[in-house]
Amino acid sequence: MTFSLSLVFLGVVFFASALSGVFGMAGGLILMGFLLAWMPATTAIAVHGIIQMGSNASRAWLSRRYIDWHIVAWIVLGVVVAALLLASLRYTPSENVVLLLIGVMPVLVWLPRRWFRFDVSRPVDAILCGLVAGGLTIAAGVSGPTIDIGFVRTRLDRRTVVASKAAIQVIAHTIKVVFYFQAVLALERGQWGWIVLAIPLSFLGTRSGNAILKRLTDASFRGWTRWLVTLVGGYYAVRGVIGLI
């Protein structure tokens, strides 16, 4: 990346982290789309994982007292199973497929809750949720609202949802980076420099978003989340379709 593009990259990291600090999602979708515009899919997913590890780690730390570790453990088990399955299939991502996947994810937030029987407070449901979300995290770089499907039937408040999701994402992104370790090793020294600068910016963005989260009600939190991820997802879906034409 050029110097000017690298500065834009840092700005996107801060903005995306702030959004994720508020809504627990959307920021990752935006960052993934930006990286795909300038890097091969495998490299973009690897870089996304490194940065999101820092962003989610800061969010998890700031909200650590709200994390439900039992739910986190069961979901992560599902993520590990998904990673092993994709590794056995020798999965390799393509840009257009990744764009389409992250473009259709927001549809899930509009489906009626009665359609879902997942409740991540139950171990079996948590493992299934982790299997789906983990598969998408590795295949498309992000899991979007798929983890939320497992939380819709729980009675957890917004802070516990965001905190638990952050802890899950830290581990899921770590597994993703390991999955694409060859792309990580291929990164140049200059690229590593910008990534290192992006990590503290992701923390500052998350802290800013966390302050906004405290002012939202549960109702407004869910309402804004739906519209935001739908707009972002729609944009990427169009990009993916155009790429296939």
Side-chain angles (χ1 to χ4, degrees), residues 1-2 5-6 8-9 11-13 15-17 19-20 23 25-53 55-56 79 82-111 130-149 169 172-188 191 194-195 198 225-245:
M1 292 189 290
T2 63
L5 182 58
S6 298
V8 173
F9 162 67
V12 171
V13 168
F15 177 69
S17 298
L19 281 180
S20 292
F23 302 107
M25 66 174 80
L29 296 175
I30 291 173
L31 180 59
M32 188 72 235
F34 175 83
L35 293 173
L36 282 172
W38 305 105
M39 299 177 175
T42 302
T43 306
I45 293 176
V47 172
H48 181 274
I50 296 169
I51 295 172
Q52 289 296 90
M53 281 168 56
S55 174
N56 283 285
V79 175
L84 292 174
L85 288 174
L86 287 172
S88 67
L89 295 173
R90 297 183 178 180
Y91 171 78
T92 301
S94 70
E95 179 181 345
N96 291 324
V97 170
V98 172
L99 285 171
L100 286 173
L101 285 174
I102 65 178
V104 300
M105 283 182 199
V107 173
L108 299 174
V109 302
W110 292 100
L111 298 180
L131 185 63
V132 175
L136 286 171
T137 297
I138 295 171
V142 294
S143 58
T146 53
I147 294 180
D148 283 337
I149 293 175
Q169 294 283 33
H173 285 302
T174 301
I175 294 172
K176 182 176 71 177
V177 170
V178 172
F179 190 92
Y180 294 109
F181 75 96
Q182 289 183 332
V184 174
L185 294 177
L187 290 171
E188 298 176 358
Q191 292 175 312
W194 289 110
I195 292 171
T225 298
R226 283 185 172 186
W227 285 108
L228 182 60
V229 297
T230 299
L231 289 173
V232 174
Y235 168 73
Y236 291 134
V238 171
R239 271 182 59 181
V241 171
I242 292 175
L244 291 174
I245 297 176

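For this chain, numbers begin at 1 and follow the sequence in order. Predicted model, so just to flag it, every value in this text is computed and none were measured.
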Looking only at heavy atoms, which two atoms of Ile30 and Phe15 are closest? And how far apart?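 Nearest heavy atoms, Ile30 then Phe15: CD1-CE2, 3.9 Å.
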Minimum heavy-atom distance Ala139-Tyr91, with the two atoms named: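 Heavy atoms of Ala139 and Tyr91 come nearest at O-OH, 2.6 Å.
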Please identify each residue that fulfils side chain to side chain contact (heavy atoms under 4.5 Å, CB included) with Leu131, with sequence neighbours left out.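 Scan of Leu131 (side chain to side chain contact (heavy atoms under 4.5 Å, CB included), adjacent residues dropped) gives Val81, Ala82, Leu85.
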List in chain and number order the residues that pass side chain to side chain contact (heavy atoms under 4.5 Å, CB included) with Val8, two or more places apart in sequence or in another chain; answer none if no residue qualifies.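 Val8 satisfies side chain to side chain contact (heavy atoms under 4.5 Å, CB included) with Val12, Phe34 once adjacent residues are dropped.
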Any chance you could measure [X], atom [atom1], to [Y], atom [atom2], to the nearest 0.5 Å?
X     : Y      : atom1 : atom2 : value
Leu5  : Trp194 : CG    : CH2   : 9.5 Å
Leu89 : Leu84  : CG    : CG    : 11.0 Å
Gln52 : Thr174 : CD    : OG1   : 11.5 Å

Any chance you could lay out the side chain to side chain contact (heavy atoms under 4.5 Å, CB included) test for Val79 and Ile175, step after step, and finish with the verdict? CA-CA 8 Å; Val79 175; Ile175 294 172; 3.8 Å; yes
Donor-acceptor pairs under 3.5 Å, side chain of residues 40-51 to any protein atom, not counting sequence neighbours: which ones?
residue, atom, partner, partner atom, Å
His48, ND1, Gly141, O, 3.4
His48, ND1, Lys176, NZ, 2.9
His48, NE2, Gly28, O, 3.0

